[in-house]
Number of protein chains: 2
Amino acid sequence: TQDKKLTDIVIDDLMISSEKVAHVQVNNPLEHALLILVKSGYSAVPVLDSSYKLVGTIGKTRILNKVLGLERFEMEQLSEMQVHEAMYSDIPCLSKSDTFMEGLKVVINYPFVCVADENGYFDGILTRRVILKQLKRDYYT
Amino acid sequence: TQDKKLTDIVIDDLMISSEKVAHVQVNNPLEHALLILVKSGYSAVPVLDSSYKLVGTIGKTRILNKVLGLERFEMEQLSEMQVHEAMYSDIPCLSKSDTFMEGLKVVINYPFVCVADENGYFDGILTRRVILKQLKRDYYT
Ligand SMILES: Nc1ncnc2c1ncn2[C@@H]1O[C@@H]2COP(=O)(O)O[C@H]3[C@@H](O)[C@H](n4cnc5c(N)ncnc54)O[C@@H]3COP(=O)(O)O[C@H]2[C@H]1O
Ligand SMILES: Nc1ncnc2c1ncn2[C@@H]1O[C@@H]2COP(=O)(O)O[C@H]3[C@@H](O)[C@H](n4cnc5c(N)ncnc54)O[C@@H]3COP(=O)(O)O[C@H]2[C@H]1O
């Protein structure tokens, strides 16, 4: 990717591939999801089903909002609820063959974008960091 | 900023100015800080002192890590701890007169960067979104 022009770069060249992406399963309890998010340090991660198809994303804000009661955060509710009850399923998605420009457009509004194939299998994520590094490299050339 | 070249743009042209930035005070209890973070929807925000000088940043991951016990999240501890015990004070900082390029370099590793004057008074924040929008605009011209 170092020598490719921005107009020749595709999402596959830049994305973090699935095996390196922290994720949760659609039927995990929210307590498990929050633990994964806090231990990995990520604010939000993809949600997959048992066949590794992409179904949504979930983040700490969303989970904490679900348990915010009138007096306190009711953390005991987290073991009672599942990821699918709290996740966002209406999310943008790219394919590996999409262009750098299409990636740039989506990350303007999302810290990361999921990448999936035509059958919905999860391929990886495109992050703002990776887009910004590429743009900075382009500025010095 | 629409008509300025990237080489002429400075941080002041792009930053979100202080009055529009959600923040917490250095001696707030962590419980109050977490409430502000969850209600504003932001993963992390600046920390200011009572004279509105910039002292650090704080986010949900950091707060939740502080209360993660062996068995559960011990949320009751949040009213006992203050922001200054959990915040990051070793943070990058820009000034209003810094260049677009200096801003781009820092946001590669930080979702947002605080902007302060020579006396340490908080001026605003520069976000990845604002840098990405500018770069996309530059690509169509
Ligand atoms: N363990 C770590 N090591 C080094 N730097 C770290 C880091 N965790 C976070 N950062 C830095 O903080 C930024 C925001 O992370 P956040 O978790 O809010 O937001 C992340 C997270 O929601 C997701 N993400 C990134 N990498 C991931 C991964 N391997 N697995 C799952 N989600 C990931 O994509 C978002 C944007 O990531 P991006 O790299 O652009 O931006 C990251 C990166 O610059
Ligand atoms: N209320 C809202 N309305 C519309 N879009 C929203 C939004 N809250 C979050 N987003 C979107 O999600 C991105 C990540 O937000 P996050 O809170 O993790 O990370 C944010 C947050 O930590 C901080 N931030 C942004 N605006 C802020 C503000 N007004 N006050 C305090 N902190 C702010 O800067 C980081 C990067 O912000 P950026 O705009 O690049 O990127 C934002 C933006 O694209």
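Hydrogens, waters and symmetry mates play no part in the numbers below; they use all other heavy atoms, side chains included.
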B:D117 side-chain N/O to B:N119 backbone N/O, donor-acceptor pair under 3.5 Å: yes

Main-chain N/O of A:Q82 paired to A:E85 side chain as donor or acceptor, under 3.5 Å: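 Checked: pair present.
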
A:S43 versus B:K60, side-chain donor and acceptor atoms under 3.5 Å: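 No, A:S43 and B:K60 have no side-chain donor paired with an acceptor closer than 3.5 Å.
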
Most chain A-contacting option - heavy-atom pairs closer than 4.5 Å, from B:R62, B:M75, B:R72, B:K39: B:M75

Option in B:L78, B:L104, B:I131 with maximal non-hydrogen atom pairs under 4.5 Å from chain A: B:L104

Flag if over 12 foreign heavy atoms under 6.0 Å of CD, B:E19: yes

Atom group of A:I108 that falls short of 4.5 Å from chain B, counting heavy atoms: both

Most chain B-contacting option - heavy-atom pairs closer than 4.5 Å, from A:L68, A:L34, A:V130: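 Looking at each option in turn, the highest pair count goes to A:L34.
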
